[in-house]
Amino acid sequence: MNAEQKNRKPKAGVLLIASPRFKNLSGPKRGTYHDRKLRAAEDILGTLDFLDVVFPGITYDREDADKAVAEFFDKKVDFVLVEFLSWSEDFAWIRFLRDMPEIPILFTNVAKPRMSFETTLDEDDFIDYLCAGTLVGSLEASGSIRRIPRENVKIVVGNREEITGKVRSFAAAAKVRSILRRSNVGLMANMNEAMWSTYIDNYDLFTKIGPEIHYLPYSDYGTEIDNLTDAEVKAYADELTSRYKMMDDVEYDKFIGCVKASLAIKKMAEKNDIDCYVYNDIDQATFRTAGCRAGFYPRWFNENVSVLVPEADIGAGLATYILKLLSGKNVNFIEPFHIEDDFGTFAGGHAGPNDHNDPAWQENVIISRDVRFAKTSWKYAGAPFAWYRISPGLKTVCGLYEQDGKYKMVTFLAESLSEKDTPQSSKKHLLATYSHTIFKPVVPVKELFERVLKVGVTQHYAVVDGDWRKELEDLSEMMNFEFHNID
């Protein structure tokens with residue numbers, strides 16, 4: 001899928017329901033009920049400039065409901081935003097619930113700060129009173145939400161500003177849900193035999209989450225390495241050395257070997273339309289084919305709003321991809337290494353390719369030998385990688401796991417510490433061979449991991465700047481994930 005499709009605004013169908021019984025009631029000063037509802041609709045739509053809105057007009061009757069269903073389906077909205085504009089007969093709403101194909105629905109009731117009338121003795125005030133009866137309409141409608149079996153209906157109540165905030169997070173999640181259903185996961189080229197707990201069912205992946213999985217053969221990988229031109233290899237090598245310092249003990253021919261291994265992955269992703277590339281970088285076939293494991297993260301992945309992850313972990317790859325779609329930011333891939341109780345911290349990071357392209361933190365990267373494999377017999381043993389101290393700041397940490405055909409999402413917040421704030425050491429690069437950082441979690445570290453262990457997980461997590469837990473919770477509800485926010 002191309003970047004333009006991923007970077008679009010969330011697309012919302014807006015269903016505003018009003019009463020045909022009141023439609024032509026008129027006051028001498030402020031016009032008809034319908035006029036007032038048109039103004040109300042305009043005001044509502046004015047708060048939704050962050051959405052691509054499909055609005056078929058106010059829904060009064062069955063025909064309006066049918067029109068809304070058809071437009072929302074034809075224009076492939078990500079979700080439907082529903083609001084009753086007053087009390088209304090419920091036949092249009094029930095028809096919509098029955099006939100609208102399965103899609104996330106956000107059912108809202110908006111509380112006004114105060115009413116526009118003191119009494120209802122005046123005819124205009126009486127019509128305003130009728131217009132204000134949104135709670136009556138919502139209460140009547142709520143029973144049908146339960147009686148007509150549908151998944152993915154979320155009910156929220158708040159003032160207009162609060163509701164708009166909830167629409168934002170719901171819309172972001174609904175857009176991710178839609179994109180996942182059109183995405184491709186590329187696995188090269190088999191499950192990770194060292195980590196069986198990372199396995200997920202490919203049929204479940206497609207039917208319950210959405211992406212198709214494509215197995216990318218090592219023979220194609222080898223062909224892509226062989227077909228690289230000297231010019232494109234030199235261009236990427238020059239790009240890396242112009243951006244990052246290279247350590248003195250790096251052998252240049254091994255650097256070029258790793259450049260080729262990394263570029264070939266980009267080529268495979270491009271040619272196979274891969275959005276989430278799951279690279280089995282500890283498989284023997286990787287080393288036989290490339291002579292090393294890829295250690296660089298081509299910028300194409302960020303430009304295409306795609307991700308590259310190691311160790312053949314599809315669940316963690318999807319968590320990384322989800323955070324990429326939600327945030328648009330550079331997402332890192334980690335496993336927590338160890339707790340240091342004296343400091344209330346844990347170290348986390350990962351070997352292999354990791355997103356080192358955050359433009360604000362390029363000085364955190366060194367081209368360094370992959371010392372873990374330096375003493376092996378592979379062709380490019382000790383080939384370098386982009387040794388990255390993960391950027392500081394508050395991070396959302398997220399993992400996705402399968403159990404008995406169901407999915408669990410685990411998330412928590414942790415501060416990635418800069419070297420000057422790290423109590424263990426003031427050195428920027430602490431763990432050779434691993435892109436890494438020191439984390440100070442919001443929840444005390446021992447309590448955090450005791451609770452995580454009780455959920456039952458694996459070791460891999462995605463990490464991104466900011467707090468995306470509300471969007472992840474909305475997405476989990478839409479996708480029927482078991483959601484664990486450790487707070």
Are there more than 12 heavy atoms of other residues, nucleotides or ligands under 6.0 Å from atom [atom1] of [X]?
| X | atom1 | result |
| --- | --- | --- |
| Arg98 | CZ | yes |
| Glu151 | CD | no |
| Glu303 | CD | yes |

Cut-off 3.5 Å, side chains only: do [X] and [Y] have a donor facing an acceptor?
| X | Y | answer |
| --- | --- | --- |
| Tyr60 | His34 | yes |
| His350 | His460 | yes |
| Ser116 | Asp128 | yes |
| His214 | Asn184 | yes |

Step by step, would you call Met479 with Ile209 a side chain to side chain contact (heavy atoms under 4.5 Å, CB included)? CA-CA 7 Å; Met479 306 292 287; Ile209 300 181; 3.9 Å; yes
Taking only Lys NZ, Arg NE, NH1 and NH2, and the carboxylate oxygens of Asp or Glu, determine whether [X] and [Y] approach each other closer than 4.0 Å.
| X | Y | result |
| --- | --- | --- |
| Lys154 | Glu477 | yes |
| Lys454 | Glu450 | yes |
| Lys9 | Asp52 | no |
| Asp404 | Lys406 | no |
| Glu224 | Lys266 | no |
| Lys166 | Glu162 | no |
| Asp474 | Arg177 | no |
| Asp355 | Lys329 | no |

Is the shortest heavy-atom distance from the side chain of [X] to the side chain of [Y] under 4.5 Å?
| X | Y | value |
| --- | --- | --- |
| Leu15 | Trp93 | yes |
| Leu413 | Arg469 | yes |
| Thr47 | Arg160 | yes |
| Asn354 | Tyr297 | no |
| Pro359 | Asn330 | yes |

Check: [Y] main-chain N/O paired with [X] side-chain donor or acceptor under 3.5 Å:
| X | Y | answer |
| --- | --- | --- |
| Thr411 | Val397 | yes |
| Thr134 | Ser86 | no |
| Lys6 | Asn304 | yes |

Angle between ring planes, Tyr279 versus Tyr221, binned at 30° and 60°: parallel, tilted or perpendicular? perpendicular
Please state whether the rings of Phe481 and Tyr407 are parallel, tilted or perpendicular, taking 30° and 60° as the class boundaries.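 Phe481 vs Tyr407 ring planes: tilted.
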Examine Lys75 relative to Phe73 and say whether NZ or CZ is less than 6.0 Å from the centre of the six-membered ring and inside a 45° cone about the ring axis.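 No, cation not above the ring by the 6.0 Å, 45° rule.
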Between Phe296 and Phe385, is the ring-ring contact (aromatic ring centres under 6.0 Å, His included) condition met? List the steps. CA-CA 6 Å; Phe296 300 107; Phe385 74 113; 8.1 Å; no
